[in-house]
Number of protein chains: 4
Amino acid sequence: MKDSIMEQSIQLFAQKGFKETSIQDIVGELNVTKGTFYYYYKSKEELLMDIHLQYIERLLENQEAILADESKSCQQKLHDIIFKLIHDIEKEGLRAKVFFREIRHLSPQHLEHIIPKRDRFKENVQQVVEEGMRNGQFRSDLPPDIVTLGILGVTNWSYFWFQPNGEKSDREVAAIFYEMLINGIKAE
Amino acid sequence: MKDSIMEQSIQLFAQKGFKETSIQDIVGELNVTKGTFYYYYKSKEELLMDIHLQYIERLLENQEAILADESKSCQQKLHDIIFKLIHDIEKEGLRAKVFFREIRHLSPQHLEHIIPKRDRFKENVQQVVEEGMRNGQFRSDLPPDIVTLGILGVTNWSYFWFQPNGEKSDREVAAIFYEMLINGIKAE
Amino acid sequence: MKDSIMEQSIQLFAQKGFKETSIQDIVGELNVTKGTFYYYYKSKEELLMDIHLQYIERLLENQEAILADESKSCQQKLHDIIFKLIHDIEKEGLRAKVFFREIRHLSPQHLEHIIPKRDRFKENVQQVVEEGMRNGQFRSDLPPDIVTLGILGVTNWSYFWFQPNGEKSDREVAAIFYEMLINGIKAE
Amino acid sequence: MKDSIMEQSIQLFAQKGFKETSIQDIVGELNVTKGTFYYYYKSKEELLMDIHLQYIERLLENQEAILADESKSCQQKLHDIIFKLIHDIEKEGLRAKVFFREIRHLSPQHLEHIIPKRDRFKENVQQVVEEGMRNGQFRSDLPPDIVTLGILGVTNWSYFWFQPNGEKSDREVAAIFYEMLINGIKAE
DNA sequence: AATGAATGAGCGTTCATTCAT
DNA sequence: CATGAATGAACGCTCATTCAT
C-alpha cells in the first residue's frame with residue numbers, strides 16, 4: 001500500500017504538480033481514504049521527501065557503478081553516464097520530473113539531506129571530466145566545472161522533451177549527444 | 001502600478017512559485033490591497049499569461065534580430081544566440097525561470113498563444129544549425145533537431161545555476177559553451 | 001442618464017436578480033463608469049427603492065382611477081382591475097417582477113414607505129369585493145379578505161407565466177379569469 | 001448532520017434568500033465549521049438542488065396519490081389538491097418559498113431535472129380539470145390550461161401570505177378557495 | 001489497517017462604495 | 001458630469017491534517 005501510494009503520487013505529481021495534487025487525488029485513485037494516507041506517511045511533504053530520496057539514491061548508485069569500473073576509459077564512462085540518464089527516462093522519467101520540479105517544496109531540514117547528494121551527482125560527472133583532462137583524453141583548456149554544467153544541461157533537458165516511444169531511441173539520442181559533446185559540430 | 005505588480009510578482013513567482021504566491025503576497029509588498037490587483041488584472045492567471053507573453057516576445061525579437069543579420073556566419077550567429085541567452089539571465093533570469101517552470105498553470109486557451117512562439121524559438125535555432133550544415137560550416141552527419149535540443153539544453157539549463165555576479169562572466173560562460181559545442185571536448 | 005440607468009437596471013434586475021446584477025453590469029451596458037452611477041444614485045439600494053416606488057405609485061394611480069369611476073358596477077370594476085393588471089404585463093412586467101421578487105432587499109426604512117402602498121393596493125381590491133357584497137352583486141357568504149387574496153393570486157401569478165406575444169391575448173386571459181372568478185367552473 | 005444542514009439552510013434561504021445566506025451563516029447556527037459543510041455538499045448550489053428535488057418529488061407523490069384514487073370525483077380531487085397544498089404550508093411552506101423564489105440559482109443542468117417535474121405538477125392539475133370538463137362535472141367553455149393557471153395562482157400565492165397559526169385554518173381557507181373556484185363569487 | 005467526520009487556515013475573486021481630479 | 005484608482009469586507013471553496021472508532 002505504501003508503495004502504491006508513492007507510485008500513484010509520482011504519476012500525479014509529474015502530471016499536475018505537487019501543489020496541484022491533493023491527498024484526495026492520490027487516495028481516490030487507489031480507492032482508499034485519506035486516513036489511510038496518514039497511516040503510512042506523516043505528511044504530504046514526507047512523501048515528497050521519500051520520492052526525492054529514492055530517486056537520487058538510485059541515480060547515484062547507478063552512476064557510481066559506472067565510475068567504479070576501472071576497465072573503462074573516461075570517454076567510455078562519459079558515454080555510459082549519458083546513455084544511462086537518457087535510458088532511464090522511460091522508467092524514471094516521472095520521478096526525475098518530480099525531482100527537478102518539486103524540490104522547492106521540501107523543507108530546509110529535508111533539503112539538507114538531498115542537496116549534498118544532488119551535488120555529488122554533479123561532482124561525479126565533473127570528476128570524470130577532470131580525470132579525462134589530466135590523462136589527456138579531454139582537452140584541458142576549458143574549465144571542468146562549466147563543461148560539466150554544459151553536459152548536464154544536455155542530458156537533464158532531455159527529460160523535458162525525450163519521448164521513449166518517439167522517432168529516435170534512447171541509444172541513438174545518447175550517441176548523438178556523446179558525439180556532439182566529444183567532437184563538436186564544426187565541419188573539418 | 002500595473003508594472004509594479006508584474007515586477008513584484010515575477011520576483012515572487014521565481015522565488016516561491018506561482019501557486020505558492022498568493023495575491024496577498026504580491027500586493028502586500030506594494031502596500032496596496034487585493035482589490036487593486038483585480039483592478040489591473042482579470043485574474044492571477046492573466047497576470048501569468050502577461051508575463052509569459054512579454055518574455056517570449058522579447059526573446060523572439062532579440063533572436064530574430066540576430067538571425068536577420070546577413071553579415072554574420074552561422075557560427076557567429078550561434079555564438080551570438082548563446083551569448084544573448086546567458087547575458088540576459090541577469091535582466092531576464094527571473095522571467096525565464098517563471099517561463100520555464102510555471103507554464104503549466106496557463107489555461108489551454110492561453111497556451112495556444114504561447115506554445116507556437118516557444119516552438120518558433122527552437123525552430124529559429126534549428127534553422128541556423130541546418131543552414132550551417134548546408135553551407136558546410138557545420139558537420140552534416142548529425143540530425144539537426146537533436147543537435148538543436150542539445151544546444152538548448154546547454155543554454156536553458158544555465159538559467160538554473162548561472163549567477164550573474166559569480167566567478168565567471170556571461171561572456172566567459174558563453175565562450176566556453178560555444179567552444180565546447182563547436183569543437184567538442186576531445187583532445188586532439 | 002438617470003432614467004437610462006433605471007431602465008437598464010430594471011432589465012437586468014428582472015433577468016438576473018438584484019444581488020446578481022453588479023453596478024458594473026448596469027453601467028457597462030450604458031458605456032459609462034461606476035462613478036457616474038453614484039453621481040445619480042446614493043446607493044444601489046436607493047435605485048431599487050426608486051424602482052419600487054415608481055411602480056407601486058403608478059399601479060395605485062391606475063387602480064384608483066378605476067375605483068373612482070362611479071358609472072361602473074362592482075363587477076365591471078373587478079373586470080377592469082384584472083384586465084389592467086394583465087394588460088400591464090407587457091409594459092410593466094419587468095418592473096412587476098422586480099417588485100415582487102426583490103422587495104426583500106429594501107432596508108426597513110425604505111420598506112416603511114412601500115408596504116403601506118402595497119397594502120392599499122390589496123385593500124382597494126377588497127373594497128370593491130366588499131362593496132359588491134353589500135350591494136348584492138357578489139355573494140356575501142364568503143370572507144372578503146380571503147376572496148381578495150384569491151383574486152390577487154390569480155392575477156399576480158400571471159406575471160410568472162403570461163407571455164404578451166403568446167397564444168392568448170391579455171384581453172382573452174382577463175376575460176377567462178373574470179368569468180372563472182365570477183361564475184365558477186362548475187357545470188350548471 | 002447532512003439533514004441538519006439542509007434544515008437550517010431552508011430556514012435561512014426562506015428568510016433571507018439564497019444569495020444573501022452565506023455558508024458561514026448556515027454552519028454558524030449549527031456550531032460547526034465551513035469544512036463540515038463541504039464534507040456533505042459539493043457546493044452551495046448542490047444543496048439548493050437537493051432542496052428543490054426533495055420538495056418537488058414529495059409534492060408530486062402527494063398529488064399523484066390523490067389523482068390515482070378512482071373513488072373520487074373530479075370536484076373531490078380538485079378540493080383535495082387545493083387542501084393538500086394549503087395544509088402543507090405549515091410543514092413545507094419554507095421549502096415551497098425556496099422552491100418558488102430561488103429556482104433561478106440552479107444551473108442549467110440541474111434545471112433540466114427540476115423543470116419537467118414542475119411541469120408535471122401543473123399538468124396533473126390540468127388533467128383533473130380536463131377530465132371534469134369531459135365528464136360534465138366542470139363547464140367546458142373555458143380553456144383548461146388558463147383555468148389551471150388560475151387555480152395554481154390562487155394556491156401558490158397563498159404561500160406568500162398564509163399563516164398556519166393565523167385567524168383562518170388551512171381547512172377553512174381551502175374550503176373558501178374551492179367554493180370560490182367552483183361556484184364563483186357572483187350572487188345568484 | 002482503515003474509515004469518516006470535523007477542523008481551521010488560507011486562497012482567488014467579487015463588489016459596493018469612496019474620492020481626488 | 002464623469003473618470004479612474006483604490007479600498008475592505010465578504011464569500012465560496014479547497015485542503016492538509018487530526019482523531020475517535
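Throughout, a chain's letter reflects where its sequence line sits, starting with A, and its residues are numbered from 1.
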Contact nearer the 5' end of DNA chain E, comparing T33(D) with E20(B): T33(D)
What string of B, S and - do you get for nucleotides 16-21 of chain E 5' to 3' if you count protein non-hydrogen atoms under 4.0 Å? BBB---
Check the pair F13(B), I26(B) against side chain to side chain contact (heavy atoms under 4.5 Å, CB included), reporting the backbone distance first and the verdict last. CA-CA 9 Å; F13(B) 290 169; I26(B) 299 167; 4.1 Å; yes
What is the distance, to the nearest angstrom, from the [atom1] atom on [X] to the [atom2] atom on [N]?
| X | N | atom1 | atom2 | answer |
| --- | --- | --- | --- | --- |
| Y41(B) | dA6(F) | OH | C1' | 16 Å |
| L47(D) | dC13(F) | CG | C1' | 14 Å |
| K2(C) | dA2(F) | NZ | C1' | 16 Å |
| N31(A) | dA2(E) | CG | C1' | 14 Å |
| L12(D) | dC11(F) | CG | C1' | 15 Å |
| L30(B) | dT7(F) | CG | P | 11 Å |
| H105(D) | dC11(F) | NE2 | P | 14 Å |

Please determine whether a side-chain nitrogen or oxygen atom of T36(C) lies at a distance below 4.0 Å from atom OP1 or OP2 of dA2(F). no
Is the shortest side-chain N/O distance from Y40(D) to OP1 or OP2 of dA6(E) below 4.0 Å? yes
Result for 5'-nearest mapping on DNA chain F, choosing between D25(D) and Y39(B), is Y39(B)
Lys NZ or Arg CZ of K44(B) over F18(B) ring: under 6.0 Å, within 45°: yes
Is any side-chain heavy atom of [Y] closer than 4.5 Å to one of [X]?
| X | Y | value |
| --- | --- | --- |
| M49(B) | H113(B) | yes |
| I114(A) | L53(A) | yes |
| S22(B) | D25(B) | yes |

Dump the intermediate steps for side chain to side chain donor-acceptor pair (under 3.5 Å) on H105(D) and E45(D), then the final yes or no. CA-CA 7 Å; H105(D) 292 110; E45(D) 202 222 313; over 6 Å; no
Donor-acceptor check, side chain of H110(C) to backbone of L106(C), threshold 3.5 angstrom: yes or no? no
Please list every donor-acceptor pair under 3.5 Å in which a side-chain atom of residues 1-10 of chain C meets a protein atom from a residue at least two apart or in another chain.
from, atom 1, to, atom 2, distance (Å)
E7(C), OE2, R95(C), NH1, 3.4
S9(C), OG, I5(C), O, 3.1
S9(C), OG, M6(C), O, 2.8

Do W157(D) and F100(C) have ring centroids that are under 6.0 Å from one another? yes
Under the rule of Watson-Crick or G-U wobble with both distances under 3.5 Å, where | means paired to another strand and [ ] a crossing pair, DNA chain E maps to .||||||||||||||||||||
